[in-house]
Amino acid sequence: MRHIISVLLENESGALSRVAGLFSARGYNIESLTVAPTNDPTLSRMTIVTWGDERRIDQIEKQLFKLVDVAALQDITINRHLEREVVLVKVGLLGDPADSKLELERVTSVFNASLLDVTDTLFIAELSGSSEKVDEFIKALSAHTIVEVARSGVTGLSSTERALTAR
Amino acid sequence: MQLTGADIVVKSLEAEGVEYVFGYPGGAALHIYDAFHRQQEVEHILVRHEQGATHAADGYARSTGKPGVVLVTSGPGITNAITGIATAYMDSIPMVVLSGQVMKPLIGYDAFQEIDAVGISRPCVKHNFLIQDVEDIAATIKKAFHIATSGRPGPVLVDIPKDITAHVAEFLYPTTVDIRSYPEVPKAQPAEISIAVEAVLNAKKPIVYAGGGVVLANAQAELRSMVRKLGFPCTNTLMGLGAYPHGDPLFIGMLGMHGTYEANKAMHDADLIVAVGARFDDRITGTLDGFAPNAKVLHIDIDPSVIDKNIKSDIAIIGDAKEVLELLNQEIARRESEINPELTKDWWSTIAEWQGFDSLWYEHSDTVIKPQFVVQKLHEVTGGEAYVTSDVGQHQMFAAQFYGFSDTHKWINSGGLGTMGFGLPAAMGVKFAHPDADVACITGEGSIQMCIQELGTCKQYDLPVKVINLNNRYLGMVRQWQEFSYEKRYSNSYMDSLPDFVKLAESYGHVGMKIESPADVEGALKEAFAMTDRLVFMDFITDREENVYPMIEAGKGHHEMRLRPNKK
């Protein structure tokens, strides 16, 4: 099963490599991993999307918590939660640029995505949503020539009262 | 007090009460070596290879419970130390390793003797640091000792760029340490204790399985008291030997790949396994499929990540083994009237039948020296009181099976990583810690050659350890596996072109002995141990093809042991 694990990490050099190294050394899967500082500059928040059975996820959480740089962690998928991913898609305009633009604008508006840049030959759209929605958006655009896709990876928050905090 | 970074390093070690630092100098560490030269409080021990430094610090740590301390230079200094750091990591040994690093402005430019020490050590340390500022040295060393020695212990590396050791700062060694992201050890909950005791009091086929965690927690007294109060059979892992004394009627021997028939059979048939400071690793469990099918598992460990890692527990108590066992003992004492020896009577009769099989039996010989016989004689000559280090292979298993340890911290071996070359330098560390005790290194002609250069260190510091070389001219354990699993194709498992060990020992200034007849074994050992001020290298020419029995082969379970075939 897919799990999203939020981790509060000391904002120290090398902390990211400890987490990445743990996952590769123990053969755990990483679907995506995002990390950035929080409102407290001494802490980074990392969001790891992984999958495995209950026992595997239990081990991942325990091994993560053993890392000295890990201050707190939470599997946000066990409760109501929000997840968001940002995707930027660069699409090449085909045939009649005007028709092509019209069609792309339609898809973009259906998905509530934004147009970031339009030239005579290229079109860059942005969407923020669940990974599923991002997948669908990319699929919808695939009738056109997708030049490149940049996905941020998932970040998320539990919708419960409980906040992930360092001691 | 304004001091250089190098002096701060040494003063910090002094503040930690460090007696010995095992190390080897080099460019990036030279300021620190200069600081060592200026003082007498902390003694630096010059080894012959950085691997030897880490094993010596490790032997010191295992035999005292105090952290071992290592100092090496950058580049090859730290890469040579990695094997010893990994050895300590796998066995949860407290160790602090200080490594010199190239100057900060050169980091990342492939400077001479530059290696990313934090990166290369990351998978085999509990934590590591790269110091960025002279102001951080004292606080970082304080943190390193705290992390290395608390919770589940382990090695911690502190990498220090050379320029920082020349900078000057005010020295004030912190008295406390606060690392918000470093978890405190959880305390056992009363509810867990009472559930555990309920299970214990109702067990009909119980077994207590005690590992290295009992040794690390100094919980042997609490373990013994619990086992005796309950009258349960007790087995120790390779790492836990001595936790429950050999020779005690409740002790049923070591378990695992080369454990006794009775210990492994009892694990397999048990209805309750009480695991204390042990982690159900593959050398203990054999194949997990057939492991203890009817057992309820009560797992006590300080590290939450070992719970349910290999074996799913039914009751888990996370905490320090000493504290948890003390709580269990209190609860058992409170319910003492409910202890019913009748419940385990049949179980003990079954165990007695298994014991009757005498699975460690081997055939004595008047003509060729049996390695087991040497270990048994060593026990007699040293009164079972020696510190025994070992390398890795058949000799290690013979030592574990036949020395008979009655106390903890006496059996010093690389159980997790299985590091050949460990024994001799580890024995040096033990001898520094216990100068008046007998220290024996049981080794083989393969292993001893992996760190034999440390004979030089032994001479320089007058370390009269006794090297018991069980020389069968084979890499014995490799050969045994090849005999069993590769139709006796002895690929690269023989030891050709061996040195004359007697002359080799003598060339280092030690005493060498070659013993070829069983009749000479006891006399030679007595003679060697009587030479209390000399290192004696005893080259025992042993049976070439003796095997270690019993054996659980790869992929087999506790009920599928291979037993000695020619047993009468």
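When B:Pro304, B:Gly151, B:Gly119, B:Pro123 are compared by the number of non-hydrogen pairs under 4.5 Å with chain A, B:Pro304 comes out ahead. Ranked by heavy-atom pairs under 4.5 Å with chain B, the list A:Gly14, A:Ala25, A:Gly21 is led by A:Gly21. Of the listed residues (A:Leu22, A:Thr42, A:Leu9, A:Asp58), the greatest number of heavy-atom pairs within a distance under 4.5 Å of chain B belongs to A:Thr42. For the options A:Glu12, A:Gln59, A:Arg56, heavy-atom pairs under 4.5 Å to chain B are most numerous at A:Gln59.
A:Glu103 places no side-chain N or O within 3.5 Å of a backbone atom of A:Asp99 that could act as its donor or acceptor partner. With A:Thr38 contributing its side chain and A:Arg45 its backbone, the two residues share no donor-acceptor pair below 3.5 Å. In this structure a side-chain-to-backbone donor-acceptor pair under 3.5 Å is missing from A:Asn11 to A:Ser44. The closest donor-acceptor contact from the side chain of A:Ser114 to the backbone of A:Leu116 lies at 3.5 Å or more, if one exists at all.
Closest of all the heavy-atom pairs between B:Gly5 and B:Val134 is CA-CG2, 3.7 Å. Contact record, A:Gly52 with A:Ile57: O-CG1, 3.7 Å, taken as the closest heavy-atom pair.
In this structure, chain A has no heavy atom under 4.5 Å from any part of B:Asp116. Only the side chain of A:Ala166 comes within contact range of chain B, with at least one heavy atom under 4.5 Å from a heavy atom of that chain. Contacts of B:Arg122 with chain A are made by side-chain atoms alone, with heavy-atom separations under 4.5 Å and no backbone atom involved. No part of A:Ser24 comes within reach of chain B, as not one of its non-hydrogen atoms sits under 4.5 angstrom from that chain. The part of A:Val70 that comes within reach of chain B is its backbone (N, CA, C, O), which places non-hydrogen atoms under 4.5 angstrom from that chain. For A:Asp69, the parts lying under 4.5 angstrom from a heavy atom of chain B are both the backbone and the side chain. Heavy atoms of B:Ile147 lying under 4.5 Å from chain A belong exclusively to its side chain. Contacts between A:Arg18 and chain B at a heavy-atom distance below 4.5 Å involve backbone atoms as well as side-chain atoms. Contacts between B:Asn128 and chain A at a heavy-atom distance below 4.5 Å involve backbone atoms as well as side-chain atoms.
Taking the side chain as every heavy atom from C-beta outward, B:Val9 and B:Ile137 approach each other to under 4.5 Å.
Close placement of the B:Tyr182 and B:His146 rings is indicated, their centers lying within 6.0 Å of each other. Between B:His299 and B:Phe280, the ring center distance clears the sub-6.0 Å criterion.
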